[in-house]
Protein chains: 2
Amino acid sequence: MAMNTDYARTLLKQHGLTITEPRVFVLSLLRKFDTPMSINDIMEKSKHTIALSTLYRVLADLSHAKIVTTFSSPNQKLLVELLDEEREHHHHLYCESCEKVFDVSLGEELEGMIEKLISKIGETHQIDIQEHSFEMYGSCNNTGQHSLRRN
Amino acid sequence: MAMNTDYARTLLKQHGLTITEPRVFVLSLLRKFDTPMSINDIMEKSKHTIALSTLYRVLADLSHAKIVTTFSSPNQKLLVELLDEEREHHHHLYCESCEKVFDVSLGEELEGMIEKLISKIGETHQIDIQEHSFEMYGSCNNTGQHSLRRN
DNA sequence: TTTAAGAATGGGAATCATTCTCATTTAATG
DNA sequence: CATTAAATGAGAATGATTCCCATTCTTAAA
């Protein structure tokens with residue numbers, strides 16, 4: 001899997017993280033597929049050349065540096081996604097039959113309303129609300145069958 | 001902890017579930033505190049007289065019967081909440097410093113917009129969206145923590 | 001370039017939540 | 001109260017994540 005590693009190296013440097021093989025691999029992979037990936041996805045793609053414990057540490061580091069975000073799917077699997085500057089604020093739609101995750105943007109109007117609502121709710125509860133997530137769960141017409149793992 | 005068990009017994013009967021001590025205890029407890037509770041909360045309140053495996057089974061049963069709902073807090077802890085008919089559709093606000101969970105209603109107008117938006121998104125992605133969740137995360141003072149820990 | 005010091009890694013053990021197994025107990029029915 | 005299926009308790013098994021530590025790699029300075 002020959003990948004261009006410049007993207008990853010630059011990103012790491014920009015965030016003051018040392019450039020190591022596992023970090024570069026993970027970032028390049030996330031960039032290549034440009035979709036949320038699970039621990040297992042990444043392990044498989046690396047052909048298990050990265051230690052599992054290292055992968056967790058790498059994701060924690062990238063997450064703290066705000067290079068990626070992590071969240072969990074309805075079946076509690078950890079998913080990781082790049083957090084580009086250009087990538088706009090979005091939410092997730094899970095298909096529980098084909099097990100895909102789709103990025104969804106709500107659009108300015110609704111996001112604006114939500115923001116306003118959130119600050120009102122924050123005041124009411126005396127809580128500084130830093131984040132919110134909106135997730136949707138559904139199923140496509142692939143009746144209950146899991147799709148073969150995609151590349 | 002003397003509790004009135006009529007509520008629980010009636011509820012179980014209504015849903016065709018057998019009336020057993022662990023089920024009655026859990027439902028009475030949820031009713032008494034009327035707030036989302038974790039596995040540990042319930043175990044502590046029961047003074048560990050309920051077996052842990054039983055508690056998981058009871059929650060699974062109650063959940064399938066739609067007597068309760070389960071969801072997880074940002075630190076991946078399972079939370080359980082009663083699902084009354086009267087209890088209106090609501091969302092959750094997590095305070096990550098005091099670790100409380102608040103029920104929040106968005107109000108008719110916004111919920112309506114969201115519903116409309118959801119059906120549009122569903123069409124776009126050819127997915128039948130059955131559920132959605134909207135969650136807010138904040139803190140009442142300033143200490144936060146992520147699910148991926150790194151010291 | 002070489003090197004020293006700190007940072008990151010690999011591998012495996014430890015931990016934690018959840019599920020499973022099975023022998024025993026209990027609830028519902030008549 | 002006897003029968004039968006369902007539920008429970010206890011602990012083992014599983015699976016995900018974190019921890020520990022000896023070894024290796026990165027970086028920055030010499």
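Proteins come first, then strands; the chains are lettered A, B, ... in the order of their sequence lines, and each starts at number 1. Every value quoted in this text rests on a predicted model; they were computed, and no experiment measured them.
Atom P of nucleotide C:dA17 and atom CG of B:L79 are separated by 13 Å, given to the nearest angstrom. Remark: C1' of C:dT19 and CG of B:L78 are 13 Å apart, rounded to the nearest angstrom. Look at CZ on B:R57: it is 11 Å from C1' on D:dA6, rounded to the nearest Å. A:H15 places its NE2 atom 19 Å from the C1' atom of C:dA7, with the value rounded to the nearest Å. Straight-line distance from the CG atom of B:N40 to the C1' atom of C:dT15: 14 Å, rounded to whole Å. Between B:L59 atom CG and D:dA7 atom P the separation is 14 Å, expressed in whole Å. Computed from coordinates, the A:K77 NZ to C:dT18 P distance equals 14 Å when rounded to whole Å. Rounded to whole Å, atom P of D:dT17 lies 8 Å from atom CG of A:L52.
Judged purely by atom type and a 3.5 angstrom limit, B:S105 has no side-chain atom pairing as donor or acceptor with the backbone of B:G107. Here the side chain of A:R9 pairs no donor or acceptor atom with the backbone of A:I19 at under 3.5 angstrom.
For D:dG9, neither phosphate oxygen OP1 nor OP2 lies less than 4.0 angstrom from any side-chain nitrogen or oxygen of B:S53. The side chain of A:Y56 contributes no N or O atom lying less than 4.0 Å from OP1 or OP2 of D:dT18.
Comparing C:dT9, D:dG9, D:dT17 by their closest approach to the side chain of B:I50 singles out D:dG9.
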Can you list the steps and then say if B:T54 with B:R57 is a side chain to side chain donor-acceptor pair (under 3.5 Å)?
CA-CA 5 Å; B:T54 299; B:R57 271 179 311 217; 3.1 Å; yes
Would you please test B:H90 and B:E81 for side chain to side chain donor-acceptor pair (under 3.5 Å) and show each step?
CA-CA 12 Å; B:H90 67 269; B:E81 181 175 52; 3.2 Å; yes
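Between B:H92 and B:F102, the distance from one ring center to the other does not fall under 6.0 angstrom.
Within 4.0 Å (heavy atoms only), B:T49 reaches sugar-phosphate atoms of the nucleic acid but no base atom.
Taking the six-membered ring for Trp and thresholds of 30 and 60 degrees, B:H132 and B:H91 have ring planes inclined between 30 and 60 degrees apart.
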For nucleotides 25-30 of chain D, give me every protein contact, N/O to N/O, under 3.5 Å, one pair per line with atom names.
unit_1, atom_1, unit_2, atom_2, d
D:dT27, OP1, A:I19, N, 3.0

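Using modelled atom types, one finds no donor on one side chain facing an acceptor on the other under 3.5 Å when comparing B:Y94 with B:E96.
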